[in-house]
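As the structure is a prediction and not an experimental result, all values here were calculated from the model.
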Amino acid sequence: MLFKQQVWLRQKLLVLGSLAVGSLLYLVARVGSLDRLQPICPVESRFGAAHNQAELPLRALQFKRGLLHEFRKGNSSKEQVRLHDLVQQLPKAIIIGVRKGGTRALLEMLNLHPAVVKASQEIHFFDNDENYAKGIEWYRKKMPFSYPQQITIEKSPAYFITEEVPERIYKMNSSIKLLMIVREPTTRAISDYTQVLEGKERKNKTYYKFEKLAIDPNTCEVNTKYKAVRTSIYTKHLERWLKYFPIEQFHIVDGDRLITEPLPELQLVEKFLNLPPRISQYNLYFNATRGFYCLRFNIIFNKCLAGSKGRIHPEVDPSVVTKLRKFFHPFNQKFYQITGRTLNWP
């Protein structure tokens, strides 16, 4: 009889222990990262609440990430949205480019911050005439649900090189903050080519070698008609943006450094966006298999970028690389002068 009671008691303790561990893991997953142990720091009021209400501390925003995830999946009703005081806000900051500069990596890394909510898809509102004609309310409804104290960020790399975009964004919000992530221009151009090449190969289509596209066969000079080359002339596009926005509203992110040392770059962005510092080295870990940093939201949930990121570039004739770098050099110097940020480009 005593033996049976002991067995029964042991089973009960095992069940209770399992429940306790399960509950703890659930709470950790909801809360976010170990940064929750830091003192509570409220999101500053300059983010602009939709209406007057007490600000939620960052710890509360971390805890509610799981709820926001459910709303993103469409598991919500109008009543739930109202009860949780959720809104769809126009972005307070936009990653405007540059294509193949690291825009997706930057957006995903900023999403580690509890006060940031990202638009998962590229909206292409300002660069697409058909979408733009649908109006600003259509654009707002494409944004994710968020709390009024959070800021929404979207990214569409085509914005940077599309002529109509600066004026259109200015009309929406003349004080918006603009994030621009750039890589060494020749490397970026080759990366651009590599993505297009991969798409052609998937469709069993042939494509010219990079050297034939980047260098004009008639003049043996750099082919500025080739889109991958034109996109890498950053000053040409930036000057168009400066007709509408002062340089103080731009922040330049070093895309090459974001690959090798992401944390210092993210801390600079936090400061630019007036966000309390929350992203730490804990949130970033190097994945040797993938060859770049992955994201750690908490002790349970990790995330790496899609396998298409970090493609292996084809070998390019060194003389073509040298010619391109020599071509981009004066444009790079002007870019440093305009932005006030000097980058370690050859």
Side-chain angles (χ1 to χ4, degrees), residues 43-53 55-56 61 68-69 71-74 76-99 103-104 106-108 110-111 113 115-181 237-251 253 269 272-275:
V43 181
E44 298 186 30
S45 59
R46 54 177 158 258
F47 294 140
H51 48 77
N52 293 327
Q53 68 169 56
E55 292 185 342
L56 288 173
L61 293 177
L68 287 175
H69 180 66
F71 284 114
R72 287 192 201 104
K73 292 191 300 183
S76 62
S77 65
K78 289 183 179 179
E79 181 64 16
Q80 286 174 314
V81 169
R82 186 186 65 78
L83 286 174
H84 291 286
D85 197 35
L86 294 172
V87 291
Q88 287 174 290
Q89 304 183 82
L90 291 172
K92 297 277 197 323
I94 298 179
I95 301 172
I96 59 173
V98 175
R99 172 181 160 90
T103 57
R104 173 56 60 182
L106 177 60
L107 183 66
E108 296 293 342
L110 289 177
N111 193 51
H113 199 290
V116 170
V117 178
K118 68 179 175 72
S120 297
Q121 303 299 319
E122 293 179 8
I123 311 299
H124 289 287
F125 177 65
F126 297 102
D127 65 309
N128 184 299
D129 290 341
E130 185 178 340
N131 287 342
Y132 190 68
K134 294 174 183 176
I136 202 72
E137 189 62 16
W138 177 88
Y139 179 55
R140 187 181 66 79
K141 287 181 178 179
K142 290 291 182 181
M143 295 299 130
F145 286 104
S146 63
Y147 294 96
Q149 297 80 12
Q150 292 175 305
I151 63 170
T152 299
I153 299 179
E154 77 122 321
K155 73 102 174 174
S156 293
Y159 288 169
F160 182 61
I161 62 170
T162 305
E163 289 190 14
E164 298 84 1
V165 170
E167 182 179 5
R168 288 174 174 180
I169 292 180
Y170 180 84
K171 287 178 178 177
M172 178 191 73
N173 181 357
S174 62
S175 62
I176 197 166
K177 298 202 170 187
L178 303 167
L179 295 168
M180 178 181 168
I181 180 166
H237 306 289
L238 182 59
E239 285 171 347
R240 183 170 60 250
W241 285 84
L242 291 174
K243 293 176 182 178
Y244 296 92
F245 300 98
I247 195 64
E248 291 77 20
Q249 283 178 232
F250 293 83
H251 178 74
V253 179
V269 178
F272 173 70
L273 296 176
N274 297 320
L275 292 171

Q) Among all residues two or more places apart in sequence or in another chain, which pass the side-chain hydrogen bond (donor to acceptor under 3.5 Å, both in side chains) test with Ser174? A)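 Not a single residue meets the side-chain hydrogen bond (donor to acceptor under 3.5 Å, both in side chains) criterion with Ser174.
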Nearest 0.5 Å please: distance from the [atom1] atom of [X] over to the [atom2] atom of [Y].
| X | Y | atom1 | atom2 | result |
| --- | --- | --- | --- | --- |
| His251 | Leu106 | NE2 | CG | 8.5 Å |
| Leu179 | Leu107 | CG | CG | 9.5 Å |
| Ile153 | Gln89 | CD1 | CD | 11.5 Å |
| Ile181 | Ile96 | CD1 | CD1 | 12.0 Å |
| Ile247 | Leu242 | CD1 | CG | 5.0 Å |
| Phe272 | Glu248 | CZ | CD | 9.5 Å |

Nearest atoms (heavy-atom pairs only) where [X] meets [Y]:
| X | Y | answer |
| --- | --- | --- |
| Ala119 | Pro144 | CA-CD, 3.9 Å |
| Val98 | Pro157 | C-CB, 4.2 Å |
| Phe245 | Phe250 | CB-CE1, 3.6 Å |
| Met143 | Tyr139 | CE-CE1, 3.4 Å |
| Thr152 | Ser146 | OG1-OG, 3.9 Å |
| Ile176 | Lys92 | CG1-O, 3.4 Å |

Q: Quick one: which residue pairs count as a salt bridge (charged side-chain N to carboxylate O under 4.0 Å, His left out) with a foot in residues 136-154, not counting sequence neighbours?
A: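 Of all non-adjacent pairs touching residues 136-154, those that pass salt bridge (charged side-chain N to carboxylate O under 4.0 Å, His left out) are Glu137-Arg140.
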Q: May I have the step-by-step check of side chain to side chain contact (heavy atoms under 4.5 Å, CB included) for Lys118 and Glu108, ending in yes or no?
A: CA-CA 8 Å; Lys118 68 179 175 72; Glu108 296 293 342; 3.2 Å; yes
Within the supplied structure, the quantity of interest is the number of heavy atoms (other residues, nucleotides, ligands) at a distance under 6.0 Å from [X] [atom1]; does it exceed 12?
| X | atom1 | value |
| --- | --- | --- |
| Lys171 | NZ | no |
| Gln121 | CD | no |
| Tyr170 | OH | no |

Q.
Working note: Ile136 + Leu90, criterion side chain to side chain contact (heavy atoms under 4.5 Å, CB included); need CA distance, chi angles, decisive distance, verdict.
A. CA-CA 9 Å; Ile136 202 72; Leu90 291 172; 4.1 Å; yes
Q: Look at the aromatic rings of Phe126 and Tyr159 and report parallel, tilted or perpendicular, splitting at 30° and 60°.
A: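 Perpendicular: the ring planes of Phe126 and Tyr159 meet at over 60°.
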Q.
Quick one, Ile95 and Val253 - any side-chain contact, counting heavy atoms below 4.5 Å?
A.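 No; the side chains remain at least 4.5 Å from each other.
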**Q.** Flag, side chain of Trp241 to backbone of Phe160, donor-acceptor distance under 3.5 Å
**A.**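 Side chain of Trp241 to backbone of Phe160, a donor-acceptor pair under 3.5 Å: yes, one is there.
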Q: Quick one: do Phe145 and Val117 satisfy side chain to side chain contact (heavy atoms under 4.5 Å, CB included)? Show the steps, please.
A: CA-CA 8 Å; Phe145 286 104; Val117 178; over 6 Å; no
(Q) Using side chain to side chain contact (heavy atoms under 4.5 Å, CB included), reason through Ile151 and Lys177 one step at a time and then give a plain yes or no. (A) CA-CA 11 Å; Ile151 63 170; Lys177 298 202 170 187; over 6 Å; no
